[in-house]
Every structure is written in C-alpha cells, then in structure tokens.
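One structure below.
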Amino acid sequence: MARDLLGAVLVVERHGIRVAGRIIETEAYTTDDPASHSFRGRTPRNAVMFGPAGHLYVYRSYGIHWCANVVTGAEGDGQAVLLRAVDPLDGADEMLRRRGRRPLADGPGKLCQAFGLDGDDDGADLCGRGPMRILDDVAVQQSDPIVGPRVGITRAVDTPWRFRIS
DNA sequence: GGAACGATCTGC
DNA sequence: CAGATCGTTCCC
C-alpha cells in the first residue's frame with residue numbers, strides 16, 4: 001500500500017490557497033508491527049487508524065511536530081502509511097513561507113508544516129469533497145522504488161518498509 | 001498519580 | 001550532538 005501512494009499527488013486547498021505535491025517517500029505501519037501506533041490496539045489517539053481507508057491520521061511527534069498518515073486498511077485493520085516527503089507541484093512559495101523560509105526538504109514534520117496540516121486535520125476525509133485529497137489517478141506507474149529501513153523508530157528496525165522514488 | 005518515551009527538526 | 005516540548009501510554 002505504501003508503494004501505491006508513491007507518485008500520487010497530495011492536494012490541500014484552503015483559504016483560497018492550493019498546495020500540492022507528488023508523494024515521493026512513504027513508510028508502512030500495520031497492527032502486526034511493533035513500531036506502529038496501532039500495535040497495542042485502538043486508543044483515543046490512533047482511533048482514526050482503525051477507521052475506513054482514505055482518511056488522514058495526524059499525530060504529534062516529540063511534542064513539537066505534526067506527522068500525517070493515510071489510512072490504508074479496512075475498518076478495524078489499523079494500518080496506515082506515513083507521508084515522509086513530497087515533490088512540490090503547486091504553491092511551492094506558500095510552502096516555503098510556512099516553513100519559515102527554511103529549505104523544504106524531506107521529513108514528515110516538514111511536510112505537515114508545508115501543507116499546513118495539524119491535529120485539527122486528524123480524521124479528515126481524503127476521498128470526499130473536503131479541502132484535501134489524494135489524486136492517485138494521476139499517479140505515474142513507478143518502477144522499482146528504493147526500499148529501505150524506516151526512520152526514527154526503535155522497534156522493528158530491520159523491517160524494510162520505507163519506500164522512495166526520485 | 002507519575003514517569004518515561006517518542007514514526008522529528010534545528011541550531012550549535 | 002543535544003535540546004525543545006507535551007501528549008500518550010503504561011505502570012504503580
């Protein structure tokens with residue numbers, strides 16, 4: 001599932017400003033996975049992960065940053081894909097402004113800041129008429145993403161569930 | 001009720 | 001390389 005999101009386009013259109021980017025790096029998290037928030041079962045924080053696919057699971061990281069996932073499992077499954085990096089398509093200037101003019105680089109925290117995503121967006125529907133959506137119909141079929149270990153985790157360190165395209 | 005610990009980022 | 005910073009989770 002994490003592979004399928006590679007090349008898809010994340011669009012957030014709010015306050016009349018459209019920000020869009022091509023998803024180039026993801027990580028997979030499942031219920032079987034000790035590194036996943038859903039591993040220890042459903043809690044108030046991760047409830048969205050156990051909901052229907054196509055919704056946004058946003059959580060606070062290290063008390064400072066926001067990180068966004070796309071729920072990819074059926075109801076009750078508890079699986080999601082962490083969005084780690086995008087290639088800016090629309091609103092690159094706005095992204096830069098939100099980033100405090102710091103260089104826009106890889107990383108889930110930076111991605112959320114650039115797209116203006118925070119805790120209020122937890123549970124948002126990406127497949128409805130809301131301000132944010134994922135255009136996977138425009139996804140270019142990717143050949144051989146780079147596969148590697150996930151970043152910043154302490155459990156299941158050797159599980160190669162990070163996927164990256166250029 | 002308390003303590004430990006992050007799916008991170010930045011600046012020194 | 002360490003500090004920021006706070007909600008969530010787990011244990012007593």
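Per chain, numbering begins at 1; letters A, B, ... match sequence-line order.
- Look at Arg133(A) and Glu13(A) and you find a salt bridge, because one of the NZ, NE, NH1 or NH2 atoms lies within 4.0 Å of a carboxylate O, short of that distance.
- Residue contacts for Arg162(A): at a heavy-atom cut-off of 4.0 Å it reaches no nucleic acid atom on any strand shown.
- For dA4(C), the base has no donor-acceptor partner in the side chain of Tyr62(A) [N/O atoms by modelled type, under 3.5 angstrom].
- Screening Val48(A), Asn69(A), Asn46(A) for a side-chain contact (heavy atoms from CB on, under 4.5 Å) with Tyr59(A), the sole residue that qualifies is Asn69(A).
- Set against dA7(B), dC9(B), dT9(C), the side chain of Lys110(A) has dC9(B) as its closest nucleotide.
- Spacing between atom CG of Asp118(A) and atom P of dG7(C) amounts to 14 Å, rounded to whole angstrom units.
- Rounded to whole angstrom, the span from the CH2 atom of Trp66(A) across to the P atom of dA7(B) amounts to 15 Å.
- Base-pair partner of dT8(C): dA4(B) (Watson-Crick or G-U wobble, both distances under 3.5 Å).
- Put simply, Arg102(A) has no side-chain N or O that comes within less than 4.0 Å of OP1 or OP2 on dC9(B).
- Each of dT9(C), dT8(B), dG7(C) was ranked by its minimum atom distance to the side chain of Ser61(A); first place goes to dT8(B).
- Among the protein residues, Leu82(A) comes within range of the nucleic acid bases, having at least one heavy atom under 4.0 Å from a base atom.
- Nearest to the side chain of Tyr57(A), among dT8(B), dG6(B), dA7(B), sits dA7(B).
- Rounded to whole Å, atom C1' of dT8(C) lies 16 Å from atom CZ of Arg42(A).
- Nucleic acid contact class of Arg45(A) (heavy atoms, under 4.0 Å, all strands): sugar-phosphate only.
- Closest to the Val151(A) side chain, of the nucleotides dT9(C), dT8(B), dC6(C), is dT8(B).
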